[in-house]
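Reading through the structure tokens given below for one structure.
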Amino acid sequence: LFINIKKKMRKIRAHYIFDGYKLHKNATLVLDSDSKVIEITTSLEEEAGVEFYNGIVCPGFINAHCHLELSHLKTSIEQHTGLPGFISQVVKRRSEIPFSEQACLEADESMKKNGIVAVGDISNASESYAVKLNSSIYYHTFIEVFDLHSNTAEVYNTAKKQYKETPFKKSKSIVPHAPYSCSKKLIARIAAHSKDHEYPISIHNQEHNSENLLYKNKTGELYENFIKVGVDFSNFASTNKSSLQSYLPLLPKEQHVLLVHNVYTNQSDIDFLKSLRDNNEFTLVLCPLSNLYIGNSLPPLELFITNSLPIAIGTDSLASNTNLSVLDELKCLQNNFAEITLEQLLQAATSNGAHALQVNHTFGSFKAGKKAGVNLLEHVDLQNIKLKDETTVRVLA
Ligand SMILES: [Zn+2]
């Protein structure tokens, strides 16, 4: 009886095991009774109790950018309006459609089914906290603020209070929403707080070209739209530089920075970024399906690959996506950028995301002792090592 109720070790064999960094052909992943990794072996001996799967086995996916609290806005925002139009729609629809905990629960549940084990999640309010606390998914909460260039300490003080009072012990940060919505002063205050509390900083970066125009010379659609609704830009001084080159020096080098979107990031921005930070000190988080939904545009991935920059994957929210699936984002990148390899894509979806959220002690790879989650990718093109449109993900552990 004792033997029957004791959970057993598992041996999972597949055409390929991706360990978080590279593919191993015809390998076997060995897990202990608690689903922690023991080892990856390539012995092909017939053994009793080996589970064999057709496809590629990889660690659980990391969704490095989401807004769970916007889940109730699914299908309520018009597509392809561009970022300025998207912002006004979200503000309007958020005031019309009440927050729904049920929508958050369903989104959380669908992420589990889609093989996601850890999420970097933006919260403007505390409404989604209960769902995050009770989920088996690991959440890092980014408490997101903006002051629309008012320069007052009030926004920051409220965020500090929220940071203290959140029910999350360590997996939390205060973060600036975007360069176009936060004053230099607010970013500097958050930077000091992040240094004291040693957390990663996330910021929506260069999602729309008019963010760069605002910084360059106070022109462009974002600037004009904000002026129309009465935002006061008298405190804001243009810099004659892109947004990234204007605000990045404010963020402490010791704190990891997640730059989200990067649709309008160019080579001179990359050179600037590289001059300030080493590759392990920042991550470019790409949310291609959200970029297509909002602006029908994509980030210059070939430029990021040529420069060997670290890339992670985000789904963004259901306000700008139809599904919260890291696999769908990978398919979108592969379909639009033929030069990216499946190893690079899977690394973005696993170890790079885990590094960005500072959870690589548990997630992102099959190093011995980790409980990273185990996904099986089925219906993969194993000849060319590519995803297919019909590729699916199944959670094995
Ligand atoms: Zn976002």
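Each ligand, and each atom within it, is numbered from 1 in the order the structure gives. These figures come from a predicted structure and were not determined experimentally.
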request  = Spell out, as yes or no, whether a donor-acceptor pair under 3.5 Å connects the side chain of Ser173 to the backbone of Val175.
outcome  = no
ask   = Who passes salt bridge (charged side-chain N to carboxylate O under 4.0 Å, His left out) against Glu69, sequence neighbours left out?
value = Arg94
message = When you measure from the Zn ion (ligand 1) to the N, O or S atoms of His67, does any of those distances fall below 2.8 Å?
response = yes
ask   = Quick check: does Cys66 have an N/O/S atom under 2.8 Å of the Zn ion (ligand 1)?
value = no
query = Does Leu396 sit in a hydrophobic cluster with other residues, and if so which ones, taking ILVMFWY side chains as linked at heavy-atom separations under 4.5 Å, directly or through other members?
reply = Ile12, Ile17, Leu29, Leu31, Val37, Ile40, Tyr53, Val57, Phe366, Val374, Leu376
task = Measure from the Zn ion (ligand 1) to each N, O or S atom of His261 and report whether any distance is below 2.8 Å.
result = no
ask   = Are Val260 and Tyr264 connected, step by step, through hydrophobic side chains (Ile, Leu, Val, Met, Phe, Trp, Tyr) whose heavy atoms are closer than 4.5 Å?
value = no
N/O/S atom name from Asp316 that is nearest to the position of the Zn ion (ligand 1) = OD1
